[in-house]
Amino acid sequence: IFTILLLTLWIEDYYAKLILVRKGISKMGSAMDTLKSWQVKEMLTYVVDMTNILAEEVNKKIQGFQINSLLVLTDMKSQKNKSQTMMNFFAEQLEKKNPEILTLINDAKSKCEDALSSIMVTQLLFPDATSKYFEITNMIR
C-alpha cells in the first residue's frame, strides 16, 4: 500500500509538471506568433530599405537577409559618435516612424523570456521526477 501511495503521489507530481511544460510551450507559441506578425515583417522591410539607402554609393541593393545577420548591426559604429551603433540608429528611426513596432518587439521579448524561464524551471524538475519514479519502481520489485 505504501508503494502504491508513493506511485500515486509521483503521478500527481509528474502531471503537475507536465502542465507547467504545456504552459511554457503555449507561452513560447504566443511569443512566436508576435514575432511572425505583419508589424515585425514591416520592421524587417524597413531595415532592408534603410540598408539599401545607406549602400547607394556602392550601387548594390539587397533583397533580404538572414535574421542572424541583424547582430552585425550592433557591431557597426558611427564615425562621428563611436557609442552610436547601426542598431541604435535603426531603433531611433523606427521610433520616429512607427513606435508601435518597438512596443511589439519589447512585448515579444518579454513573452520569450517568460516562456524560456517556465521551460527552464520544468527542465530542472523533470530529472527529479524521473529519479523518484525509479526509486518507487525499485521499491516495488
Side-chain angles (χ1 to χ4, degrees), residues 2-141:
F2 179 70
T3 54
I4 292 173
L5 179 61
L6 284 176
L7 193 55
T8 304
L9 290 172
W10 176 83
I11 290 170
E12 288 294 320
D13 188 41
Y14 197 78
Y15 183 72
K17 290 172 183 164
L18 280 176
I19 290 172
L20 288 174
V21 170
R22 287 184 185 139
K23 285 180 181 177
I25 290 170
S26 175
K27 289 177 183 179
M28 187 60 78
S30 174
M32 293 307 297
D33 288 343
T34 303
L35 290 173
K36 291 178 181 177
S37 70
W38 65 269
Q39 293 102 328
V40 174
K41 290 176 185 169
E42 183 179 315
M43 180 203 62
L44 296 174
T45 302
Y46 178 76
V47 171
V48 168
D49 293 343
M50 288 299 292
T51 303
N52 286 332
I53 289 170
L54 293 171
E56 279 181 350
E57 290 179 16
V58 270
N59 206 17
K60 195 173 187 182
K61 292 199 178 243
I62 62 169
Q63 298 295 316
F65 56 89
Q66 291 182 347
I67 199 77
N68 61 351
S69 64
L70 284 174
L71 296 173
V72 173
L73 298 177
T74 60
D75 295 333
M76 297 173 73
K77 306 267 186 196
S78 167
Q79 290 181 346
K80 293 179 183 175
N81 180 0
K82 295 295 181 190
S83 65
Q84 177 82 4
T85 67
M86 187 67 85
M87 185 66 82
N88 297 129
F89 173 75
F90 281 144
E92 288 171 6
Q93 296 305 311
L94 269 173
E95 193 169 26
K96 290 176 189 173
K97 180 184 176 206
N98 198 344
E100 306 88 47
I101 291 177
L102 293 179
T103 304
L104 185 80
I105 297 296
N106 287 329
D107 182 44
K109 178 186 174 209
S110 65
K111 285 180 181 179
C112 285
E113 288 170 347
D114 187 33
L116 287 173
S117 67
S118 296
I119 291 170
M120 291 298 289
V121 166
T122 55
Q123 283 181 337
L124 294 173
L125 297 175
F126 273 102
D128 182 47
T130 306
S131 66
K132 283 182 185 178
Y133 171 74
F134 285 120
E135 283 177 31
I136 293 167
T137 53
N138 286 334
M139 288 175 64
I140 294 172
R141 292 182 188 151

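All of these numbers come straight from a predicted model, not from anything done at the bench. These numbers come from the heavy atoms of this one structure, side chains and all, not from hydrogens, waters or symmetry mates. Start at 1 with the first residue, then count along the sequence.
- Contact of the Met50 side chain with the Phe89 side chain is registered, since non-hydrogen atoms from C-beta on lie closer than 4.5 Å.
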Could you walk me through whether Asn106 and Thr103 pass the side-chain contact (heavy atoms from CB on, under 4.5 Å) check? CA-CA 5 Å; Asn106 287 329; Thr103 304; 5.9 Å; no
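- Panel note: side chain Thr34, backbone Ser30; a donor-acceptor pair is recorded below 3.5 Å.
- Inter-residue side-chain proximity for Met43 and Leu94 is flagged as met; some heavy-atom pair is nearer than 4.5 Å.
- Note: Leu102 CG to Lys96 NZ = 12.5 Å, rounded to the nearest 0.5 Å.
- Side-chain contact between Val48 and Ile62 is present, with heavy atoms from C-beta onward closer than 4.5 Å.
- Under the 3.5 Å distance criterion, the side-chain polar atoms of Ser69 are left unmatched by any main-chain donor or acceptor of Phe65.
- The list of salt bridge (charged side-chain N to carboxylate O under 4.0 Å, His left out) pairs with a residue in residues 100-109, not counting sequence neighbours, reads Asp107-Lys111, Lys109-Glu113.
- Each salt bridge (charged side-chain N to carboxylate O under 4.0 Å, His left out) pair with one or both residues in residues 19-40, not counting sequence neighbours, appears once here: Lys27-Asp114.
- For the side chain to side chain contact (heavy atoms under 4.5 Å, CB included) test, residues two or more places apart in sequence or in another chain that qualify with Ile67 are Leu44, Leu70.
- The closest donor-acceptor contact from the side chain of Asn52 to the backbone of Asp49 lies at 3.5 Å or more, if one exists at all.
- Proximity of Gln93 to Tyr46: side-chain heavy atoms (C-beta onward) are separated by under 4.5 Å at one or more points.
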